[in-house]
Amino acid sequence: VTSSKNPSGFGESVTFTATVTAVAPGGGTPGGSIQFRIDGNNADGPVPMNNGSATLTTSTLTPGSHSVEAVYGGATGYNGSTGTLTQQVGLIPTSTTLTTSPSSSVFGQNVTLTAQVTRSAGSPTGDVRFVDGGSCGGTVLATVPLSNGSASISVAALSVGSHTLRACYLGTSTFAASEDAAPYSVAQAATQTQVASTANPSVFGQAVSFSAAVTATAPG
């Protein structure tokens with residue numbers, strides 16, 4: 001038994017070919033049919049052989065390792081035999097895109113991080129981990145489940161300075177992990193100071209208290 005591509009990707013079409021030959025000192029080209037079995041289950045009905053070969057094409061193999069058997073039941077003058085093959089199927093590739101809104105901020109301002117996870121086949125599930133740092137092992141901001149391929153958070157705790165924000169799609173048993181990063185800058189928030197007097201105007205010798213109130217200017 002041979003495979004047209006091994007390993008293959010999830011959703012990819014793979015053709016298995018079973019070739020039956022006579023063992024010396026026997027000869028000739030065996031006739032009859034082949035029953036393909038995948039993971040112990042029959043795949044369609046027996047396939048008639050043509051010049052000693054039969055093929056099966058499938059695109060439904062799930063990620064992981066699969067046992068492929070070609071069972072030849074024999075024919076006039078020929079005993080039956082079985083060939084086996086292990087087919088490896090990889091995870092569905094994914095791509096993660098991170099966007100930030102606004103593109104830069106000031107201290108205390110809410111920042112929205114959105115991760116969009118796309119794939120070559122199927123609908124991705126699982127979680128996205130939002131991280132502040134140079135890798136997916138950085139400071140975790142939040143872990144959010146995907147909804148229709150998207151996940152987002154709002155965070156106002158970013159410190160002043162330069163950051164590397166990262167969206168890490170953690171993957172599943174079907175979908176491969178992926179990630180994206182974006183540089184991000186947080187500036188100091190502007191402030192406003194207001195001064196008040198307990199007595200204005202006042203008279204000579206009168207005690208006067210001055211108070212100063214400092215507030216952050218929006219969006220800080």
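The model shown is predicted, which means the values in this text are computed figures rather than measured ones. Note: hydrogens, waters and symmetry copies are ignored here, and every other heavy atom, side chains too, is used.
Atom-to-atom distance recorded for T82:OG1 and E69:CD is 6.5 Å, nearest 0.5 angstrom. Note: L113 CG to I153 CD1 = 5.0 Å, rounded to the nearest 0.5 Å. Atom OG1 of T143 sits about 5.0 Å away from atom CZ of R129, to the nearest 0.5 Å. Interatomic distance, L56 CG to I38 CD1, rounded to the nearest 0.5 Å: 5.5 Å. Put simply, OG on S59 and CZ on F10 are 9.0 Å apart, with the number rounded to the nearest 0.5 Å.
Between the side chains of S8 and Q87, at least one donor-acceptor pair of N or O atoms lies under 3.5 Å. With hydrogens and angles left out, the side-chain atoms of T19 and S53 include a donor and acceptor closer than 3.5 Å.
Taken together through direct or relayed side-chain contacts under 4.5 Å among Ile, Leu, Val, Met, Phe, Trp and Tyr, V89 and V14 form part of one hydrophobic cluster. No continuous path of ILVMFWY side-chain contacts below 4.5 Å connects V71 to L85, so the two sit in separate hydrophobic clusters. A continuous path of ILVMFWY side-chain contacts below 4.5 Å connects V155 to V144, so both sit in one hydrophobic cluster.
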Sequence neighbours excluded and cut-off under 3.5 Å, please list the side-chain donor-acceptor pairs for residues 160-172, or say none.
unit_1, atom_1, unit_2, atom_2, d
H163, ND1, D132, OD1, 3.3
H163, ND1, D132, OD2, 2.8
H163, NE2, S159, O, 2.6
R166, NH1, E179, OE2, 2.7
R166, NH2, G134, O, 2.8
Y169, OH, T125, O, 2.5
T172, OG1, T174, N, 3.1
T172, OG1, F175, N, 3.0

Please tabulate, for side-chain N and O atoms in residues 30-37, each donor-acceptor pair with protein atoms closer than 3.5 Å (sequence neighbours left out).
unit_1, atom_1, unit_2, atom_2, d
Q35, NE2, D44, O, 3.1
R37, NH1, N42, OD1, 2.7
R37, NH2, G40, O, 2.3

Cut-off 3.5 Å, no hydrogens considered: what does the side-chain donor-acceptor table look like for residues 90-102, sequence neighbours left out?
unit_1, atom_1, unit_2, atom_2, d
T94, OG1, A176, O, 2.7
T94, OG1, S178, OG, 2.8
T96, OG1, S178, OG, 2.7

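Listed by first and then second residue, the disulfide (SG to SG under 2.5 Å) pairs that reach into residues 181-220 come to none, sequence neighbours excluded. Contacts classified as disulfide (SG to SG under 2.5 Å) and involving residues 59-118 (residues at least two apart or in different chains) are not found.
The nearest pair of heavy atoms linking A151 to F130 is O-CZ, 3.5 Å. Considering all non-hydrogen atoms of both residues, N51 and T29 come closest at C-CG2, 3.7 Å. Y78 and A22 make their closest contact through CE2-CB, 3.9 Å (heavy atoms, listed as atom of the first residue, atom of the second, distance). The two residues D127 and P145 come nearest to each other via the heavy atoms OD1-CA, 3.2 Å. Closest approach of P124 to V117, counting heavy atoms only: CG-O, 3.9 Å. Among all heavy-atom pairs drawn from P48 and A54, the shortest one is O-CB, 3.9 Å.
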Under the side-chain contact (heavy atoms from CB on, under 4.5 Å) criterion, do V128 and L146 qualify, and how do the steps go?
-> CA-CA 7 Å; V128 173; L146 281 174; 3.7 Å; yes
Any chance you could lay out the side-chain contact (heavy atoms from CB on, under 4.5 Å) test for V186 and S104, step after step, and finish with the verdict?
-> CA-CA 6 Å; V186 179; S104 62; over 6 Å; no
With side-chain contact (heavy atoms from CB on, under 4.5 Å) as the test, would you mind laying out the steps for T86 and S67 before giving the verdict?
-> CA-CA 5 Å; T86 298; S67 173; 5.6 Å; no
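The side chain to side chain donor-acceptor pair (under 3.5 Å) test applied to T60 returns T58, not counting sequence neighbours.
Using a distance-only test at 3.5 Å, with no hydrogens or angles considered, a donor-acceptor pair links the side chain of Q116 to the main chain of G149. Not a single donor-acceptor pair under 3.5 Å links the side chain of D39 to the backbone N or O of H66.
Within 6.0 Å of CD on Q88 lie more than 12 heavy atoms contributed by other residues, nucleotides or ligands. Counted within 6.0 Å of CG on N79, heavy atoms from surrounding residues, nucleotides or ligands total 12 or fewer; the atom is thus considered open. Around CD of Q206, the count of heavy atoms belonging to other residues, nucleotides or ligands within 6.0 Å exceeds 12.
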